[in-house]
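Structure first, then comments.
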Amino acid sequence: MRDTTTPQTSELRIDAPHRELLDQVLDKWSLSVLNELCERPSRFNELRRAVPAVTQKSLTATLRRLERNGIIERHVVATRPVAVEYRITPLGKTLRAPIDTLLEWADAYMPQIDHARKAFDAQIE
């Protein structure tokens, strides 16, 4: 995201790479996975149990996207059989504050958003 704000304008432009990253990091399953991994490292099946609505395929894709973006890391545990553990990276930890800010905003303004939704829905009925 590039802030192109000048004293004369207040334009905020979100470029394609930034939009792609935000889509990958802030999607439904990523937020749930990050919430779990912020608490402790977890194995795949632990994440499946913690986020029961996610399918195996969606969880695998989510973990790969987060790993590709450097938000989480995959750690092979030398056990028999070999196990894989996922953990948040230092870069991933930096997401906590902005996500918390967005959630606080949503909590604060949810009554207004619900009101706007109801008014909109009433207009189209």
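For clarity, every value in this text was computed on a predicted model and none was experimentally measured. These values consider heavy atoms only, across backbone and side chains, with no hydrogens, waters or symmetry-generated copies.
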Exercise. So do the side chains of L95 and L26 get within less than 4.5 Å of each other, counting heavy atoms only?
Worked result: no
List, one per line, each side-chain donor-acceptor pair under 3.5 Å for residues 53-64, sequence neighbours excluded.
unit_1, atom_1, unit_2, atom_2, d
T55, OG1, S58, N, 3.0
T55, OG1, S58, OG, 3.1
T60, OG1, Q56, O, 2.9
T62, OG1, S58, O, 2.8
T62, OG1, R65, NH2, 3.3

Which pairs would a plain distance check flag for residues 83-90, meaning a side-chain donor or acceptor within less than 3.5 Å of a matching protein atom at least two apart in sequence or in another chain?
unit_1, atom_1, unit_2, atom_2, d
E85, OE1, R87, NH2, 2.7
T89, OG1, G70, O, 2.6
T89, OG1, I71, O, 3.0
T89, OG1, L91, N, 3.4
T89, OG1, G92, N, 3.0

Exercise. Rounded to the nearest 0.5 Å, how far apart are CG of L103 and CG of L31?
Worked result: 7.0 Å
Exercise. Under the ring pair (Phe, Tyr, Trp, His ring centres under 6.0 Å) test, which residues partner F44, sequence neighbours left out?
Worked result: none
Problem set entry | Taking every non-hydrogen atom, the tightest pair across P81 and T79 | O-OG1, 2.7 Å
Exercise. Who else is in the cluster with M110 when I, L, V, M, F, W and Y are joined by side-chain contacts under 4.5 Å?
Worked result: W105, Y109, I113
Exercise. Could you walk me through whether R96 and C38 pass the side-chain contact (heavy atoms from CB on, under 4.5 Å) check?
Worked result: CA-CA 8 Å; R96 188 64 186 222; C38 277; 3.1 Å; yes
For this session: Determine whether E39 and L37 make a side-chain contact, defined as any pair of heavy atoms from C-beta on separated by less than 4.5 Å.
Result: no
Problem set entry | Test item: S30 and Q24 side chains (from C-beta on) under 4.5 Å apart, heavy atoms | no
For this session: Could you tell me which residues satisfy side-chain hydrogen bond (donor to acceptor under 3.5 Å, both in side chains) with S32, sequence neighbours excluded, listed by chain and number?
Result: none
Problem set entry | CG-CG distance between D107 and D100, expressed to the nearest 0.5 angstrom | 10.5 Å
Problem set entry | Any pair counted as salt bridge (Lys or Arg N to Asp or Glu O under 4.0 Å), so long as it reaches residues 42-53, sequence neighbours left out | none
Problem set entry | Distance in Å, I99 CD1 paired with N35 CG, rounded so as to fall on 0.5 Å steps | 9.0 Å
Exercise. Salt bridge or not for R117 and D121, using N-O below 4.0 Å?
Worked result: no
Exercise. V77 versus V82: any side-chain heavy-atom pair under 4.5 Å?
Worked result: no
